[in-house]
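One structure is given below, encoded as structure tokens.
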Amino acid sequence: MRQQIRVIGLTVAFLILIDLTVMAILTVAQAQGKAGSLVRYFEYGRSVPGKLKAWQDNPGTRGNLFDVGWPVDQIDDTLLEAEAPVVRVYGMSFVANITRTAKGLREDLPLDLHTGPGAPPNFTYSVFLDDAAQRRAGDVAVLGILSSSVPAMAAMSNRTWVFEQPSPYTYPIFRPLPDGGLTRVDPIINSADEERSLAADPVRAAAWRAQLRREDVFYSPKTFGVAWLDASPFVRLVRRSLGTGHVDARKAAVIAPSGRHAFAYTTVLRRMVTEFAAQARAQDQHPVVFLIQTRDPMDVDLLEALGPTLVGQEIPYLATAEHVDPRDAAAFIPDGHYTPEKDRRFAEIFLALYDMLTAE
Amino acid sequence: MLFTELNFWIFFAVVSVLYVLLPHKAQNRMLLVASYVFYGAWDWRFLSLILLSTVADYFVGFAMARENVQARRKRLLWISLAVNLGMLGIFKYLGFFADSFTDLMGLFGYTPDPITLAIVLPVGISFYTFQTLSYTIDIYRRNLEPTRDFFDFALFVAFFPQLVAGPIERASNLLPNISAPRTLSWEALGRGGVLCLTGLIKKIVIADGVAPSVNAIYASPDPSGLDIIFATWLFAIQIYCDFSGYTDIARGVAKMLGFRLMRNFAQPYFAIDPQEFWRRWHISLSTWLRDYLYISLGGNRGGRTATYRNLMLTMVLGGIWHGAAWNFVLWGIYQGGLLAAHRAVTGAHKRVGEGVRRGRAHWLGRALMIVLFFQVICYGWLLFRAQSFDQIVDFTGTLIAFGADGFWQSVIPAPPRAAILGLIWLLLWDLAIELRGNVRFYLAFPLPVRSAVYAVMIYLLAFGSTTETSAFIYFQF
């Protein structure tokens, strides 16, 4: 027994020694500005409050997402004087890549982008609704729906469900009403400035945490708790494992047909695209829905969920899965986005759609 | 409840505390309840199948031991076979045969109503049915006395560490371990802990780490030859680490409770021929097939042709054991063919294992043979992993067209850094076992060195535990 206790004690001592060595190496690397992929690997496991604080304290950090995507910054009055019908995009990087490629193919295409990193449908739809006053008759409104972000329809911010890159921008949650409409629950924080002010306003910070705990399925102490343990690289690795495991489990639970966290995402999505098309048409605009299927085979099949609604209501759409097999590994670059060749193909299809719609 | 999930370890901690507090008989009863809880966590309805198998084989075994008339003993054995193989047939193979029958009729121009059988496969059914069958067959062969204690027998069938994916234990090994009081020791706790640690690294860091690369290519409609080769190499690593990782954890958990489960893997990729491979891979199944199927078919007693036929039949049935799909049948034919061809070329048995052929003069030649034979094994894994017969044909065609246009293009996602580190660790670990001929080679290290090795392994586990975890591959069998 004494020998076993010695082994355990020595093992713990060596673990601490390794951890301190790793900590020292990471500190030196960061001090010298060598934040390579290995340093980032360890950083991914910081608690969400730890990551947000680091971003606030170091605005120039590579990959800092603190100020990106906030709803108040999405409502602008750009391109009001454009001569051609403006393409008003409500989406995420995938949709931005396609429409930017379209602009590359046709330089005079007026493009007004409203995007957030990995934005879920509740973000894109809410920005479309809130941006109504900025659109003009004849514009083409593009609503992007990303298959990998569908589970986040039960979330209020990327900070709760994208553990490794928790951009803090917020969005509402839409839930189905019995009469066929949608109810909207807005977050109490809507801008980067409001987020920054929380440090000096503990009451509001507590209210915000309470709202996340109440409304957001992904909020968890595993990702938000005991931020002081972030000092240890070993703990960060463990938290990364627990955090990503938690998020994966909740994603599966949200899109499951039943269960405590099951979310009626199909119903909500169908009502969103229906309402999106109805509102755009009421403003004499042309609605187009982009269904972006990513390479993860566990994702919701967007065509299966929304195809009948789009076809039935004659809503123009571009479904990536109709043109490129999402199981084809060669269709994607390592970060999961489509290759430039595929984006060009989608852009050409979109331009044909644009020409058809605006010629009517 | 997966071994890689926190809730399993909480469950195990509760079981361990109760275990330490209870006397021997009560330990067994508690372990039986815990095993049923563990299994019921997947689907409590399928507990009824385990109970059916348990009750049938307990009474069959008991009756058979008291029966002296051979014909009656045989009838009793048939009851056991009918119950266990019947369950397997219904829950594992009925849908497959119904679909195949429908397809076959289609070939002859008939279009029978599609037979839809939405039968769920109960997890672990292939493992526990084979385990209980070995009990009744051993009694039939008068190699084993039946146990009188029903609950001990029920624990033999359902013992949670090895219930869902083996090793497929023999009653002669596990039952005495259940019936007799067990001693808990710090040494067993330590060794069990190391087994659990190695198993977790194999599963979480390596198998789950390389899985996305494999999945991407096997889901891809038209991958290049180079990507098929990479993906199949990685799948060979994945399935080894996934399955042997599970076995390590099962053995480690059992060891901590004072049980000794059989070893299921002995560095299989260090084999240089099919016979050696099957003495190193899934040992509990290959010895089961040898003892209860190959020998029952006549083994090598009927001359060359009969031996080849028996080898082929045994391996085809071994392939079908894995699942109701044609690719497993093909895999079985491939393995049977390899064994028969090897037998035809070499003729006699060869003794193999760790510590054998360690002569330095032969090392380079042996290393070359290992690398070459690994490619042979990998083609088998391609058959095993393929999602359809068409994919086997496509992938094989691409590989045959070696060097054709596009063959060398590669888009396979690179495995994570942690998986690469894990692979280096695995190579060193397995090499140490192989060269020293001792699975506990690390006990010979000085205490500080051993502790440093454990600390590095724990850090490696944390480093690689960020990958998405998935269920063990062999759970589906």
Side-chain angles (χ1 to χ4, degrees), chain A residues 1-19 21-22 36-38 40-42 44-45 163-164 222 232-249 251-252 295-298 324-336 339, chain B residues 4-7 185-191 193-194 197 204-205 208 212-213 215-224 227 231 387 406 409-414 416-418 442-443 445-470:
Chain A
M1 183 179 167
R2 280 181 62 187
Q3 196 196 30
Q4 304 301 326
I5 290 171
R6 279 182 66 201
V7 170
I8 292 170
L10 275 171
T11 304
V12 172
F14 275 115
L15 262 179
I16 293 169
L17 192 65
I18 295 170
D19 207 32
T21 309
V22 172
S37 61
L38 191 61
R40 287 202 301 279
Y41 190 90
F42 280 91
Y44 286 140
F163 175 63
E164 293 176 348
K222 286 178 188 165
S232 160
F234 181 77
V235 172
R236 297 207 295 268
L237 291 172
V238 173
R239 190 200 291 274
R240 189 178 173 199
S241 169
L242 292 175
T244 49
H246 159 76
V247 169
D248 289 342
K251 279 182 182 174
R295 65 182 173 188
D296 188 344
M298 302 306 286
V324 172
D325 189 340
R327 297 168 305 159
D328 182 2
F332 299 90
I333 57 175
D335 73 358
T339 59
Chain B
T4 49
E5 290 174 352
L6 193 60
N7 55 3
S185 71
W186 284 97
E187 195 212 346
L189 198 68
R191 278 163 47 193
V194 173
L197 184 57
I204 296 174
V205 181
D208 289 345
S213 309
N215 295 344
I217 298 307
Y218 274 86
S220 198
D222 188 22
S224 70
D227 275 349
Q387 293 171 327
Q409 285 174 357
S410 180
V411 295
I412 188 170
R417 197 182 321 238
Y442 52 86
L443 292 177
F445 294 168
L447 220 57
V449 176
R450 205 192 326 162
S451 301
V453 169
Y454 296 159
V456 169
M457 285 166 65
I458 292 169
Y459 218 93
L460 175 62
L461 177 62
F463 191 62
S465 63
T466 54
T467 50
E468 195 174 333
T469 56
S470 51

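On a predicted model such as this, the values are computed, not experimentally measured, just so you know. Lettering of chains follows the sequences in order, A, B, ..., and the numbering in each one begins at 1.
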Quiz prompt | Over 12 non-hydrogen atoms of neighbours within 6.0 angstrom of CD in B:Gln387 | solution = yes

Exercise. Could you check which of A:Asp19, A:Ile16, A:Val238 has the highest count of heavy-atom pairs closer than 4.5 Å to chain B?
Key: A:Asp19

Quiz prompt | Pairwise distance CG(B:Leu6) to NZ(A:Lys222) - rounded to 0.5 angstrom | solution = 7.0 Å

Minimal non-hydrogen separation, [X] against [Y], with atom names:
X: B:Ala455; Y: A:Phe14; answer: CB-CB, 3.5 Å
X: B:Ser465; Y: A:Ser241; answer: O-OG, 2.9 Å
X: B:Glu187; Y: A:Gln4; answer: CA-NE2, 3.8 Å
X: A:Ala329; Y: B:Ser220; answer: N-OG, 3.4 Å

Taking side chain as everything from C-beta outward and backbone as N, CA, C, O, which of these in [X] sits under 4.5 Å from a heavy atom of chain B? Side chain, backbone, both or neither.
X: A:Phe42; value: side chain
X: A:Asp328; value: both
X: A:Pro297; value: neither
X: A:Val12; value: neither

Practice problem: I would like to know whether B:Tyr459 and A:Leu237 meet side-chain contact (heavy atoms from CB on, under 4.5 Å); could you show each step before the answer? | Solution: CA-CA 9 Å; B:Tyr459 218 93; A:Leu237 291 172; 3.9 Å; yes

Quiz item: Checking heavy atoms, do the side chain of B:Val453, its backbone, both or neither come under 4.5 Å from chain A?
Solution: neither

Practice problem: Carefully, step by step, assess B:Phe463 and A:Tyr41 under the rule ring pair (Phe, Tyr, Trp, His ring centres under 6.0 Å). | Solution: CA-CA 9 Å; B:Phe463 191 62; A:Tyr41 190 90; 4.6 Å; yes

Quiz item: Of A:Leu10, A:Leu15, A:Ile8, which meets side-chain contact (heavy atoms from CB on, under 4.5 Å) against B:Ser451?
Solution: A:Leu10

Self-check item: Best-contacting candidate, B:Val411, B:Asp227, B:Asp222, against chain A by heavy atom pairs under 4.5 angstrom
Solution: B:Val411

